[in-house]
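Read the structure below first, then the notes.
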2 protein chains.
Amino acid sequence: MARTQGSHSDITGPRVRDAALRLFARHGYAAVSMRQIAGEVGVQAGALYNYTPDKQTLLFDLMKEHMDQLLSARAAAPAPGGALAALEAFTRFHIRFHAARPEAVFIAYMELRNLNDDNFAVIEGLRHTYETQLEDILRQGVAEGVFDVADPKITTLAVIAMLTGVNTWFREAGRLSLEDVETLYWDMVRKAVAA
Amino acid sequence: MARTQGSHSDITGPRVRDAALRLFARHGYAAVSMRQIAGEVGVQAGALYNYTPDKQTLLFDLMKEHMDQLLSARAAAPAPGGALAALEAFTRFHIRFHAARPEAVFIAYMELRNLNDDNFAVIEGLRHTYETQLEDILRQGVAEGVFDVADPKITTLAVIAMLTGVNTWFREAGRLSLEDVETLYWDMVRKAVAA
DNA sequence: GTCTATATTCGGATAGAC
DNA sequence: GTCTATCCGAATATAGAC
């Protein structure tokens, strides 16, 4: 790679997004400059504008892609009919999906305030769609008589906060395997909502 | 207040901290300028440097004060001898304390990455001190035979994540009173760790 | 203690050459 | 598609007058 000019369009786009994801997650959207992103990719700052109209759109695209992947992965996962099995499936899915992409998760939760109004509304809508799936499981379990949940909306938020919190400490090389973690959290969730 | 110059030192210091707290919480440390803070206070940017050596120290002081208040309020709160009562007291204390100062809580969780290494170590140490208090209660309950907790460290993190999550949605004017919220979360915590 | 003015660096974004 | 060069504004922080 001795040359310093030329076309690399086939791979530069994804590399811009990867670099932005990593840098936004580590330092925060507002603290990262387009020049830093360009430096990671190995191009000059001006070249980034072949791949995004502006920095705001770059952030939004990363968050939108993450939420789309979350919803499609969830749709593709097995969904048992019974509420208890469905809740276990949701719990394990949530932990596994989020543990696999900590940077995107971090950005999706931390950078909401840096979205403009229209972009914020889109991401919030997708998040609500996801949370409603858990709420529906809880309501189903109450109807089945297997769950005792006084307020399904609050319990939904509580469970998701607890599960997403895994990302603040989980490391692949740590004391516990992801399977261990899934089981520990499923025990807590199961007991917390049990009839 | 027609005059545009003069001494106001008796109140300006706290007003600088208040303005920084509010602006950092809303827009993020990196996105807020010293000029914005000065504008909120009603002085010019240069005057802020009578109250803080730099922006980084201003952030650190806000976070340090928050953690100090958390630990001293906790130390001043009733601490029942039995593990079950102690866990209920911790749960209710955590929700109440955090609900009362959402901006400081938000900053303490979101702006850790904007602290320099030394400042980060201080805040992390204080946070660990607080978390250890919950972990000790859980271990005591296991010893007493009233809790069934497979991994006290993980359960500590899970409970704190769940409780702190209240701040993402709780509003004074909302459907639920703080007392309602405390009771709902205490029910979940109690069941999740029950023997 | 606050002001005005400024030194210095850096930010997002664009224009035009290659 | 990427480069170099640049516009223009804004950032932190400081100096010296009042």
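To find a chain, count down the sequence lines: A is the first, B the second, and so on, and within it residues start at 1. The shown structure was predicted, so the numbers you read here are calculated from the model rather than taken from an experiment.
Here the C1' atom of nucleotide dG11(C) and the CG atom of D54(A) are 14 Å apart, to the nearest Å. When the P atom of dG11(C) is taken as reference, atom CD of Q36(B) falls 17 Å away, rounded to whole Å. Between N114(A) atom CG and dG12(C) atom P there is a gap of 12 Å when expressed in whole angstrom units. Rounded to an integer number of Å, the gap from H27(B) NE2 to dA11(D) C1' is 16 Å. One atom, CG of L58(B), and another, P of dA13(D), lie 10 Å apart when rounded to the nearest Å. Going from atom NZ of K55(A) over to atom P of dA13(C) covers 8 Å, rounded to whole Å. Atom pair M34(A):CE and dG9(D):C1' shows a separation of 17 Å (rounding to whole Å applied). Protein atom CD1 of I37(A) is 13 Å distant from nucleotide atom C1' of dA13(C), rounded to whole Å.
With dC3(C), dA13(D), dT2(D) as the candidates, the nucleotide lying closest to the side chain of A47(B) is dC3(C). For V43(B), whose side chain is taken as the heavy atoms from C-beta onward, the closest listed nucleotide among dC3(C), dT2(D), dG12(C) is dC3(C). Distances were taken from every side-chain heavy atom of R35(A) (C-beta onward) to each of dG1(D), dT2(C), dT6(D); the shortest belongs to dT6(D). Nearest nucleotide to the Y49(B) side chain, out of dA13(D), dT2(D), dG1(C): dA13(D).
One finds no side-chain N or O of Q44(A) lying less than 4.0 angstrom from the OP1 or OP2 phosphate oxygen of dT2(D). Using a 4.0 Å cut-off, no side-chain N or O of S33(A) falls inside it from OP1 or OP2 of dC10(C). An OP1 or OP2 oxygen of dT2(C) is reached within less than 4.0 angstrom by a side-chain nitrogen or oxygen of T12(B). Residue Y51(B) places none of its side-chain N or O atoms closer than 4.0 Å to OP1 or OP2 of dG1(C).
Comparing G46(A) and A31(A) by the nucleotide of DNA chain C that holds the closest heavy atom to each, the one mapping nearer the 5' end is A31(A).
Geometrically, R101(A) engages F97(A) in a cation-pi contact defined by less than 6.0 Å to the ring centre and at most 45° from the axis.
When the side chains of ILVMFWY residues are joined at heavy-atom separations under 4.5 Å, either directly or via intervening members, L71(A) and V159(A) end up in a single hydrophobic cluster.
Ring centroid separation for the pair H66(B) and F106(B) does not come in under the 6.0 Å cut-off. When ring centroids are compared, F170(A) and Y185(A) stay outside the 6.0 Å threshold.
Closest heavy-atom contact between M34(A) and L48(A): O-CD1, 3.2 Å.
V41(B) comes within 4.0 angstrom of nothing in the nucleic acid, heavy atoms only.
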